[in-house]
2 protein chains.
Amino acid sequence: MKLTTFSDYAFRVLIYLASTGESASLSELAQAYGISRNHLVKAVNTLEKNGFVRTRRGVGGGISLARPASEISLVEVALSTEPNFTIVECFDYENNTCRIAGACRLERILQDATRAFMAEIGKYTLADITGNSKVLLKLIARSSA
Amino acid sequence: MKLTTFSDYAFRVLIYLASTGESASLSELAQAYGISRNHLVKAVNTLEKNGFVRTRRGVGGGISLARPASEISLVEVALSTEPNFTIVECFDYENNTCRIAGACRLERILQDATRAFMAEIGKYTLADITGNSKVLLKLIARSSA
DNA sequence: TCATTGTTGCATTTTATTTACAACTATAGC
DNA sequence: GCTATAGTTGTAAATAAAATGCAACAATGA
Ligand code: SF4
Ligand code: SF4
């Protein structure tokens, strides 16, 4: 069970933007985390399409938060970046082949468990996880030096 | 985010055994769910190694529960069949490359969320999800006919 | 007009998962 | 003991999903 690194990259972008409080270019983000610019492209794109960040092309452009960090719920982010939450095949009603789907009580339990997972993440906003922005930025600066 | 079908197959095996209350052969299990015998082999093997089922070779052999269904916690099963719960890369301390690991608050939140997921599953035992064994067996019988 | 910076779509590589297979060992019954 | 049954083991192939790379493009500000 894991999230895609795609989702995690999206989180890292948001964390960076909220920590600096400024806008940043794709290249800057890539350098900050030591990951290829290409990897970030899609993540940033998805964030933009879902209204979490604003982007501006051209000189002086870049990526910035579209709303205050305190209004960006972590669960919303996860829901929009993660391709799916099909924990078991029966969750995908259309393609299910399991013969006991419908009567299987495990299905419901796994749904509840997934909801519990989401609820836990939903307790926090981007602001909650960037209160220690100085430490975060220091770590990033040190590694990217 | 998803569990491997490997884990789900393990659950299906346990559900079947608990529902019939008898032992079953790999072939019988495969036929019951309409999945290839080969797929089940590893799942059953893992279940055996973790003490959930007992196996007997030879004529009249087969697979049966190693303990009462009421003593088989669903979370234990998931923990032993799922290859890992590395939600994000920093969970795997050895191979982590994320520069903010350690200071990142998201890490802790995701750990809590995972624990919440587990706790939810841990509320139930195999007995809890096979109270409707008749319905389950009927569904299986109908589809495998 | 130009350098900068994000956008888009596609191709490739890599990894994880799923599935298949075959030779092997144990068991029960005759 | 022989034989059919049934699980065991290790490996390999196929598939699917994710991760990564690239290049041509479009917008923007100086
Ligand atoms: S119905 Fe039950 S056994 Fe079948 S896929 Fe869903 S959870 Fe698994
Ligand atoms: S430290 Fe934070 S950003 Fe880095 S991998 Fe862990 S959760 Fe993701």
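Reminder, nothing fancy here: chain letters follow the sequence lines and each chain counts from 1.
- Remark: P of C/dT7 and CZ of A/R54 are 13 Å apart, rounded to the nearest angstrom.
- The nearest whole Å value for the distance from the CG atom in A/N95 to the P atom in D/dA16 is 12 Å.
- Applying the side-chain hydrogen bond (donor to acceptor under 3.5 Å, both in side chains) rule to B/T125 yields the partners B/D128; only residues at least two apart in sequence or on another chain are considered.
- Atom CZ in A/R37 sits about 6 Å away from atom P in C/dG6, given to the nearest Å.
- Residues that satisfy the side-chain hydrogen bond (donor to acceptor under 3.5 Å, both in side chains) test with A/Y124, not counting sequence neighbours, are absent from this structure.
- The base of C/dT25 lies close enough to the side chain of B/R57 for a donor and an acceptor atom to sit less than 3.5 Å apart.
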Once base and sugar-phosphate atoms are separated, protein heavy atoms under 4.0 Å mark nucleotides 14-22 of chain C, 5' to 3', with B, S and - as ----SBBB-

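- No more than 12 heavy-atom neighbours from other residues, nucleotides or ligands sit within 6.0 angstrom of CZ on A/R108.
- Rounded to whole angstrom, the span from the CG atom of B/L29 across to the C1' atom of D/dA6 amounts to 12 Å.
- Checking C/dT7, D/dT9, D/dG29 against every side-chain atom of B/K49, the shortest atom distance belongs to D/dT9.
- When only modelled atom types and interatomic distance are considered, A/E22 and A/S64 share no side-chain donor-acceptor pair under 3.5 Å.
- Judged by closest nucleotide on DNA chain D, B/V59 is the one of B/V59 and A/G58 placed further toward the 5' end.
- Side-chain N/O atoms of B/N45 include none lying less than 4.0 angstrom from OP1 or OP2 on D/dG7.
- Side-chain contact check for A/L26 versus A/R37: some heavy-atom pair is nearer than 4.5 Å.
- Distance CG (A/L26) to C1' (C/dT8): 13 Å, rounded to an integer number of Å.
- Side-chain contact check for A/E89 and B/T5: no donor-acceptor pair (N or O, by modelled atom type) lies under 3.5 Å.
- When rounded to the nearest whole Å, the span between CG of A/D92 and P of D/dA17 equals 11 Å.
- Ring orientation note: the planes of A/Y9 and A/H39 are close to parallel, at an angle under 30° on the 30°/60° scale.
- The distance between atom CD1 of A/I35 and atom P of D/dA18, rounded to the nearest whole Å, is 18 Å.
- For the pair B/S27 and D/dA6, the criterion of a side-chain N or O lying under 4.0 Å from OP1 or OP2 is not met.
- Look at A/S25 and you won't find any side-chain N or O under 4.0 angstrom from OP1 or OP2 of C/dT4.
- Following rounding to the nearest Å, A/R56 (CZ) and D/dA30 (C1') show an atom-to-atom distance of 13 Å.
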